[in-house]
Amino acid sequence: MNENLEQKKWDKAYVPKDVEDHWVSSWAESGIFNSYPNFKKESFSLVIPPPNVTGALHIGHALNNTIQDFLARAKRMSGKDVCWAPGTDHGGIATQTVMEKILKAENTSRGKLGREAFTNRMEEWTANCKKTILGQLKKLGCSLDFSREAFTLDERRKTAVFHAFKKLWDDDRLYRGERLVNWCIRCGTALSDIEVEHEERKGNLWHIRYQEVSGGAGLVVATTRPETMLGDTAVAVHPDDKRYQGLIGKKLRLPLMNREIPVIADAFVDSSFGTGAVKVTPAHDPNDFEMGLRHQLSRIKVISPVGKITEEGGVYAGISREEARKKIIQDLESQGFLEKTEPHPHAVGICYRCQEIIEPLLSQQWFVKTHDLAVGALKALEEGKFKIHPHSWEKPYWDWLSGMNDWCVSRQIWWGHEIPVWYCLKCNALSRDVSFHQVPNLKGVVSREKPATCPICGHAEFMQDPDVLDTWFSSALWPFSVFGWPEKNEDIERYYPTKILVTGYEIIYLWVARMQMMGLYLTGTVPFSEAFIHGIVRDKKGKKMSKSLGNVVDPIQMMEKYGTDALRFSLISQARPGKDIIFSEDSLIAGRNFTNKLWNTARFALMNAVNLEKLNSPTDSQLEAADVWILSEYQKALTSVRQEIDVYNFAGAADQMYEFLWDKFCDWYVELAKLRLQGADLEAKKTAFTVLITILIGVIKMLHPLMPFVTEEIYSVLKNWDAEPADYLINSRFPLAPEVKETEENQKGMTALIEAVASLRSLRSGLGISPGIRWQSVSVWSKQGSENERNFLKDYPQYLKTLAQCDRIEFLEAPLNFAAAITPHFNLYVPLQGHDFKQVSERLKKELARIESDINKLSQKLSDPNYISKAAPEDVSETRLLYEAARSKKARLEEFLKALS
RNA sequence: GCCCAGUUGGCGCAGUGGUAGCGCGUUCCCUUGACAUGGGAAAGGUCAUAGGUUCAAAUCCUAUACUGGGCACCA
């Protein structure tokens with residue numbers, strides 16, 4: 001056994017644990033992932049989608065980062081100046097919500113702690129999460145430049161956020177105003193439109209009669225939210241609705257409240273829905289709000305930010321919106337106003353973080369004017385400066401940007417970037433206990449620190465805006481804030497704009513679109529020219545993974561069970577552009593097996609290593625058929641892998657690598673190389689080993705982006721043989737295709753050999769002959785036109801002997817009257833005495849049936865004059881060849897069957 | 001409601017006009033020194049349905065069904 005093997009204690013099976021731990025720390029210590037601007041190379045930079053600091057990484061993160069690492073390593077090995085910047089996101093509402101749950105379990109709350117103590121607690125806790133997450137990224141093998149670690153809420157990023165805010169303010173693209181916002185009662189904050197999800201819920205359509213003040217019958221309105229009637233200020237009907245013509249302009253008496261409200265005509269109303277009459281509550285419904293503006297209706301707020309009925313709600317004041325609904329229906333019924341109740345499933349808005357039903361509420365909030373920013377982003381897409389893979393996401397992206405509303409960026413939470421606006425208490429006549437979100441027209445000063453004096457009145461008492469910015473505001477700056485923007489530094493110059501963003505489709509609008517808008521606005525360029533959108537990882541049944549369903553998969557557990565490389569392989573080989581991944585543990589088995597196969601290939605190479613001073617490439621005359629064949633296959637594999645990577649088809653690249661290593665290199669080449677490696681001819685042994693080790697080293701480099709650990713481990717032993725040894729694989733070069741020209745004769749010979757071997761193996765199995773028993777001899781007769789193939793077998797009889805396990809090969813001048821195995825080029829005869837031919841003959845009859853149906857199809861095709869005249873000539877001649885081959889095979893099969901019977 | 005994607009052997013997926021492939025699983029044979037996380041053999045699909053274009057369709061077109069997703073929501 002080779003001494004390398006002994007030193008390394010190469011187990012028969014690859015054991016990932018120790019190997020991975022070793023390389024994780026070795027890579028970290030060596031600093032090989034760090035990037036230093038190198039203007040001589042082409043830059044390739046990307047920024048990590050920063051995970052939220054809410055806990056640990058899930059399998060989706062594993063997918064996202066494996067793809068990025070694959071790219072980063074592959075590009076670095078192709079000579080690019082790669083920078084992959086890491087970091088985490090403070091995560092605003094999401095993170096605060098998690099902390100609030102923790103506090104609740106401790107019997108306290110953020111209210112009890114107060115803002116400062118709460119924020120401190122958050123910082124302490126999120127620091128831990130950050131550590132966990134970064135540790136997990138390292139464990140996953142990510143070649144991130146950890147010296148650049150950033151956090152969306154650290155000092156450098158705070159500077160970026162302030163500058164962005166200031167510029168928006170100076171350019172008059174920010175405003176504070178009263179709007180109907182999406183309010184989450186549980187989170188106690190406003191949300192932007194895209195943070196609201198819609199979900200079908202069971203509900204009712206209640207029909208309520210509103211009588212005329214004059215005593216007339218009035219009309220019946222239909223509503224799904226009866227509790228909002230307390231705030232009704234009108235009833236609307238369609239202007240053309242004949243049923244209600246007489247009522248337009250009349251006054252109705254609002255039941256329970258006794259308020260007089262007008263009947264208005266508005267084209268928004270759909271006459272065919274419900275009763276055709278709509279109650280209008282401008283303070284609690286977006287459409288009603290719009291109607292209220294058109295008809296100058298007053299806005300009566302009847303639901304408070306905590307979800308209770310306000311003082312405006314008369315006798316219902318103080319009770320929750322749910323209770324109010326029950327009570328109001330009871331009262332309407334008992335007072336005879338409720339005409340009908342029908343079941344009516346409808347979509348309700350829910351908070352994307354806590355699933356609580358959204359309440360549209362009026363309040364003072366900060367908005368970014370998005371129209372111009374969106375136009376910029378649309379233009380970039382139109383001009384091809386920004387591309388999305390797969391392309392099919394471009395249309396939804398376009399549509400969303402085209403129709404977006406202003407972006408509500410203020411959040412009534414404590415965890416986030418504080419809004420850098422200060423209000424002079426004197427100028428604004430503010431007191432500190434004011435209900436801030438109801439106060440309009442505040443005059444503010446934008447400043448990072450508390451201003452010394454008020455520029456207007458010179459007063460020195462200020463109150464900072466109590467809100468924080470939407471977490472996506474800082475995320476939108478990420479591709480440049482990571483590099484220190486608004487500083488002008490070398491990193492920005494070199495690595496910005498970034499090349500590609502890899503992310504899932506669930507945040508195309510929340511994040512991708514906003515980065516494009518802000519990037520273009522603030523830096524004048526797209527922040528990344530391409531986005532690669534991958535799918536989400538689902539469970540075995542295709543369900544989204546979620547903690548509440550209990551179907552989440554912990555990537556770390558998977559890594560420990562099967563190895564990190566197996567997980568990476570499994571994820572990548574399923575990452576088809578635009579497709580979700582159905583995850584099951586079975587898929588990791590293939591990855592583990594593949595890792596092991598590679599491991600054992602290397603183990604085999606080491607066991608058969610030849611002591612060589614230097615690894616010279618063998619001369620053409622030293623190479624034999626198998627060498628030329630495998631070098632040529634290797635060349636093809638490298639080319640396809642490169643192509644697949646270039647079009648971001650990572651799964652395709654993984655397929656190609658798998659196929660080459662396993663189905664070509666191991667199954668055929670290694671078996672043939674054994675003849676020389678384990679033979680007596682030292683020169684031949686050297687040649688075979690040279691080819692073997694050259695390709696193996698190339699394969700290891702090719703596979704490194706996919707499976708960094710096992711390849712690095714193997715390389716650490718094999719690199720002595722590498723012509724261009726590197727300290728680590730990431731610093732080596734992605735292999736270049738060897739210059740080998742395989743002759744057509746050689747290619748055909750190998751194909752014929754493989755066919756012959758398969759055919760003999762099939763025969764062996766059909767006869768029930770144990771794989772351990774060798775044939776005494778195989779006699780080969782070649783059909784006409786197969787001289788090349790016959791000569792190939794003659795030149796390399798050892799190939800067929802070793803692969804088909806036979807001791808002697810004879811070449812016949814004429815066919816015998818029975819055959820044993822039939823291939824397109826040969827009849828192969830073996831001694832069949834003492835074997836049960838029945839099974840063989842059954843099998844061959846099946847084969848005959850198959851070939852007859854082939855012949856039918858082919859002859860039908862060839863007898864069609866249209867086909868002959870219209871199809872491509874190469875295709876026709878190809879078909880003719882197939883037809884001839886099939887006929888020949890049929891004839892030979894029939895002969896054999898006749899001899900058997 | 002509008003839009004997009006998908007529908008291929010038991011499961012997960014390749015395959016964009018010229019005789020249907022892969023992985024996992026299944027059945028049978030085999031522990032001969034790289035690997036049983038292995039080797040060999042085999043079974044298993046009229047490529048959702050109906051039309052159309054074409055000499056030729058899993059592949060292009062149309063419609064339908066189902067699944068998933070995006071957007072917008074009618075109170």
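Below, chain A is the first sequence line, B the second, and so on; all start at residue 1. Atoms considered below: every heavy atom in the structure, side chains included; atoms not considered: hydrogens, waters and symmetry mates. These numbers come from a predicted model, not from an experiment.
Applying the side-chain contact (heavy atoms from CB on, under 4.5 Å) rule to A:I754 yields the partners A:W629, A:W668; only residues at least two apart in sequence or on another chain are considered. Partners of A:D241 by salt bridge (Lys or Arg N to Asp or Glu O under 4.0 Å), not counting sequence neighbours, listed by chain and number: A:R243.
Residue A:Q574 is classed as a sugar-phosphate contact, given heavy-atom separations below 4.0 Å to backbone atoms only. Here A:V221 lies out of heavy-atom contact (under 4.0 Å) with every strand. When heavy atoms are screened at a 4.0 angstrom cut-off, A:R592 is found touching base atoms of the nucleic acid. Heavy atoms of A:E671 sit under 4.0 angstrom from at least one base atom. Residue A:D399 is classed as having no contact, given no heavy-atom separation below 4.0 Å to the nucleic acid. Within the 4.0 angstrom heavy-atom criterion, no nucleotide atom of any strand lies near A:Y562. Among the heavy atoms of the strands, none lies under 4.0 Å from A:R774. Residue A:R576 is classed as a sugar-phosphate contact, given heavy-atom separations below 4.0 Å to backbone atoms only. As judged by a 4.0 angstrom heavy-atom cut-off over every strand, A:H344 is placed among residues touching the sugar-phosphate backbone only. Among the heavy atoms of the strands lying under 4.0 Å from A:K674 is at least one base atom, whether or not backbone atoms are also near.
When ring centroids are compared, A:Y397 and A:W393 stay outside the 6.0 Å threshold.
Paired runs in RNA chain B that reach 3 or more consecutive Watson-Crick or G-U pairs, where each pair keeps both distances under 3.5 Å, cover B:1-7 with B:65-71, B:10-13 with B:21-24, B:26-30 with B:38-42, B:48-52 with B:60-64.
To the nearest angstrom, P of B:G6 lies 17 Å from CD1 of A:I536. Atom-to-atom, CD1 of A:I507 to P of B:G70 comes out at 13 Å; the value is rounded to the nearest Å. Whole-Å rounding puts the A:F569 CZ to B:G12 P distance at 19 Å. For the pair A:W10 CH2 and B:A34 C1', the computed distance is 10 Å after rounding to whole Å. In this structure, A:M607 places its CE atom 7 Å from P of B:C35, rounding to the nearest Å. Between A:L401 atom CG and B:G70 atom C1' there is a gap of 14 Å when expressed in whole angstrom units. Atom C1' of nucleotide B:C35 and atom CG of A:L606 are separated by 14 Å, given to the nearest angstrom. Residue A:N608 contributes atom CG, which lies 10 Å from atom C1' of B:G33 at whole-angstrom precision.
Taken to the nearest 0.5 Å, the CG atom of A:N600 stands 11.0 Å off from the CG atom of A:N593. A:L760 contributes atom CG, which lies 7.0 Å from atom CH2 of A:W775 (distance to the nearest 0.5 angstrom). In this structure, CZ on A:F709 lies 11.0 Å from NZ on A:K17, to the nearest 0.5 angstrom. Between the CG atom of A:L706 and the CD1 atom of A:I645 there is a distance of 9.0 Å, given to the nearest 0.5 Å. Rounding to the nearest 0.5 Å places NZ of A:K279 at 13.0 Å from CG of A:L219.
Side-chain nitrogen and oxygen atoms of A:H198 include none within less than 4.0 Å of the OP1 or OP2 phosphate oxygen of B:C73. An OP1 or OP2 oxygen of B:C13 is reached within less than 4.0 angstrom by no side-chain nitrogen or oxygen of A:S573. In this structure, A:K579 reaches the B:A14 phosphate: one of its side-chain N or O atoms is under 4.0 Å from OP1 or OP2.
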What pairs of donor and acceptor atoms, side-chain ones from residues 872-885 of chain A against any protein atom, are under 3.5 angstrom apart with sequence neighbours left out?
unit_1	atom_1	unit_2	atom_2	d
A:D875	OD2	A:Y867	OH	2.6
A:S877	OG	A:P873	O	3.2
A:S877	OG	A:E874	O	3.0
A:T879	OG1	A:Y867	OH	2.7
A:T879	OG1	A:D875	O	2.8

Less than 3.5 Å apart, which donor and acceptor atoms pair up between the side chains of residues 506-513 of chain A and the rest of the protein, not counting sequence neighbours?
unit_1	atom_1	unit_2	atom_2	d
A:W511	NE1	A:S475	O	2.9

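Between B:C71 and B:G15, the two P atoms lie 27 Å apart (nearest whole Å). Going from the P atom of B:C30 to that of B:G9 covers 33 Å, rounded to whole Å. The gap from the P atom of B:A63 to that of B:A20 amounts to 29 Å, rounded to the nearest Å. With P as the reference atom, B:U54 and B:G40 are 46 Å apart, rounded to whole Å. With both ends at atom C1', the span from B:C22 to B:C55 equals 31 Å, rounded to whole Å. Straight-line distance between the C1' atoms of B:A5 and B:A75: roughly 33 Å, to the nearest whole Å. Here the separation of B:G6 from B:U31, taken at their C1' atoms, is 45 Å to the nearest Å.
With distances taken from any side-chain atom of A:C666 to the nucleotides B:G12, B:A34, B:G70, the minimum falls on B:A34. In this structure, the nucleotide among B:G68, B:A75, B:A34 sitting nearest to the side chain of A:Q678 is B:A34. Proximity note for A:D667 (side chain, C-beta onward) versus B:C35, B:G39, B:A34: the nearest is B:G39. With B:C35, B:A5, B:G68 as the choices, the nucleotide that has an atom nearest any side-chain atom of A:S392 turns out to be B:A5. With B:G70, B:A34, B:U37 as the choices, the nucleotide that has an atom nearest any side-chain atom of A:F604 turns out to be B:A34.
Electrostatic pairing of A:R850 and A:E847 does not count as a salt bridge here, judged by no charged N lying under 4.0 Å from a carboxylate O. Ionic pairing of A:K395 and A:D399 is present here: one or more N-O contacts between side-chain nitrogen and carboxylate oxygen are shorter than 4.0 angstrom.
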*Base, backbone or nothing for each nucleotide of nucleotides 17-32 of chain B, written B, S, -, heavy atoms under 4.0 angstrom, 5' to 3'?*
-BB---SS----SS--
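Checked by distance alone, A:K597 brings a side-chain donor or acceptor within 3.5 Å of a matching partner on the base of B:C35.
Mapping A:A758 and A:F273 onto RNA chain B via the closest heavy atom, the residue that lands nearer the 5' end is A:A758.
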